[in-house]
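One structure below.
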Number of protein chains: 2
Amino acid sequence: MNESRPITLQDVARAAGVSKTTVSDALSGRGRLPAATRERVAAIARELGYVANRSARNLRGGRTGAIGLYFPARTIGLEYYMDLAIGAAEEALAHDLALTLIPAPADPGRTPPPHIDGVMVSDPVLGDPMLGTLTDLRVPVVTCERDLTPGARHAGRVESDHRAGTRTLLDHLSGRGDHIALLCPGEETSFGLDIRTAYRAWCADNGREALVYDVPFVCDPEDVNHAVAEALRAPGGVGAIVSVPDGGATSAVHAALQQGRHVPADLLVASYVDSPSLRGLATPITAVDIAPREMGRRAARLLAGILAGHVAPGTVEILPTELMIRASTSH
Amino acid sequence: MNESRPITLQDVARAAGVSKTTVSDALSGRGRLPAATRERVAAIARELGYVANRSARNLRGGRTGAIGLYFPARTIGLEYYMDLAIGAAEEALAHDLALTLIPAPADPGRTPPPHIDGVMVSDPVLGDPMLGTLTDLRVPVVTCERDLTPGARHAGRVESDHRAGTRTLLDHLSGRGDHIALLCPGEETSFGLDIRTAYRAWCADNGREALVYDVPFVCDPEDVNHAVAEALRAPGGVGAIVSVPDGGATSAVHAALQQGRHVPADLLVASYVDSPSLRGLATPITAVDIAPREMGRRAARLLAGILAGHVAPGTVEILPTELMIRASTSH
DNA sequence: CCACATTGGCGGAACGTTCCTTCAACCCTA
DNA sequence: TAGGGTTGAAGGAACGTTCCGCCAATGTGG
């Protein structure tokens, strides 16, 4: 029953008959030590089960050893963000950083600032007061997607190429000559903004009328029903519907059915955000894979690189998207 | 441009004309100080924007200031776990603890142990090697649901009353006299085990045949299709299907439709795990709300209490479930 | 054989907190 | 007024690490 305190550098030093400086240098690769000494000390450390105390290391180094991940409140519950968080945690771990989850504060006024070396914001939403709070921490901020706040400048950014994704999806749907309706969240995120912009541009280029219907970011079936009903009444006829939000497309299929339209025979339906639940349907729904896991990984890697000093602040990475064609648009 | 180092206790002490001990005592409520001094020091600290350095505090106190949350790999992507994580993060923050996400290790052998004071395991899976790794950290472990590993004893546990939830759901579905099929994940989690057990007991009590079909924890529509087809062929007739996994029920509805059965006129379908996507359907699906957010909160609170010493190790909390009746079972 | 550079390693300060010990000043009572 | 108890506050060690500066021993060239 070895109920003893944890092994410290000092313990290893004693066991190895050297000073704690030597142990520290040997294990970290710093200092001027012959390989023989390094190996000997490392072997003893391993044998004793030494594991460095992070608090001490962090105190000495003036860091916290953690990076944060913030989700705006409205995004909670979407599978997308779960995947992103896991990707970020994996990558952070690989860089010897802990991933701390930062919930949207119930009390927007005073919430204790987290103790972190940097923070990732997944899908900054225009007007979210938490953005200011995080910026005030004076630590590097990496955003997933762009922050539309005027004048906002962050240490780094990873963004999906939603304009290309939108064009690819629309090209895929353009087989029928009639209009394509877009059910899309608003322009308070670059996600919504880019999709809308690309959609309008595509419509202009292809001589189609742009039919945009507002739906909230987190899908409410009532709104989808309403938007679908309205879209199907559009003059000129609608041959395809793109529902952007995660989960909206299933509602759109049902709403269309209620309007007497069959998918895909009668009407094409696609989602923009892909999710496992779209694959599981009797008629699986075409969607754009925006690779949340990879997004989380990239953001964490970028932030870790900035913190370590070998990535220039201001770096922007673009993540490609991939169209997943399924039965709901096969024609 | 105040590009200075952070304010320390010493800085506050100088500004207030007292010692750092006095500042520490004043801010923490310890020591013997008159209220006047406490307030004066606190005011100065606030004015200077003092915020305690966690690394130093943790080093001194021998803690890490963080608790971990581990999800087994198979659970990734489910909305349930996202909600649970957010709940846990909120509650941890309220106890001045950071919530560190622990991903399932890609390399099951050697992964650097996280630096945490305690850990929550959401849905321990029998045979997961990570359970042993976490136990070896010698920090309190709180599980969400029971750990079925023989001899496993943890510091605390929060569990949903799935047996009651199952009975309530079955009672609700029992209006029709014919059989109720259960699509359920295996018995490697207490979740699957309890639902199966309760189901069998209920069937025995109510003179119905038990029809259990294995489906994986993360829903694969093919498996659901197969299971539904098989269930509907069962002699004696099936009047209702309960699909346990998150997301399985939508596949079940479609599979049933393909077999020529209509929901709810012809067949009742319910999910066990509730999720927003079940509400969004043309025919919303009845489910049991197992309150993931609250589960996360409770687990974090329990762990924080154990760490603080005012909750006895071994405490078990039971979380009630609530049946959400929707159109898919209205009869 | 001396001057000097290099190698290998050690001592100790510093990071910012908490907490144990000490101590001066004060008040009361005998 | 001496003695003891209480109050208010300070000093300093300790937590475990990193890293700067120093030093002894060893090589190296003239």
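- Note on A/S55: nothing from the nucleic acid sits closer than 4.0 angstrom, heavy atoms only.
- Between A/R54 and A/D96 there is a salt bridge, since a side-chain N of the basic residue sits under 4.0 Å from a carboxylate O of the acidic one.
- End-to-end axis angle for the helix from C/dC1-D/dG30 to C/dA30-D/dT1, using five pairs per end and rounding to 10°, comes out at 60°.
- Between A/L59 atom CG and D/dT17 atom P the separation is 12 Å, expressed in whole Å.
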#### Entry: B/D11 vs B/R5, salt bridge (Lys or Arg N to Asp or Glu O under 4.0 Å): CA-CA, chis, key distance, verdict
CA-CA 11 Å; B/D11 298 327; B/R5 52 160 187 58; 3.0 Å; yes
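- Looking only at atom types and distance, the side chain of A/S19 has a donor-acceptor partner in the side chain of A/T22 under 3.5 Å away.
- OP1 or OP2 of C/dC10 sits under 4.0 Å from a side-chain N or O of A/S19.
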#### Entry: Contact state string [nucleotides 18-28 of chain D, B base, S sugar-phosphate only, - no protein heavy atom under 4.0 Å]
BB---------
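- For B/A56, the side-chain atoms get nearest to C/dT17 when compared with the rest of C/dG8, C/dT17, D/dA9.
- Using a cutoff of 4.0 Å between basic side-chain nitrogens and carboxylate oxygens, A/E317 and A/R157 are not scored as salt-bridged.
- For the pair B/R293 and B/D83, the salt-bridge criterion is met [side-chain N within less than 4.0 Å of a carboxylate O].
- Between the CG atom of B/N58 and the C1' atom of D/dT17 there is a distance of 14 Å, rounded to whole Å.
- A donor atom on one side chain and an acceptor atom on the other are found under 3.5 Å apart for A/D128 and A/Y70.
- Atoms CD (B/Q10) and C1' (D/dA10) sit 12 Å apart, rounded to a whole Å.
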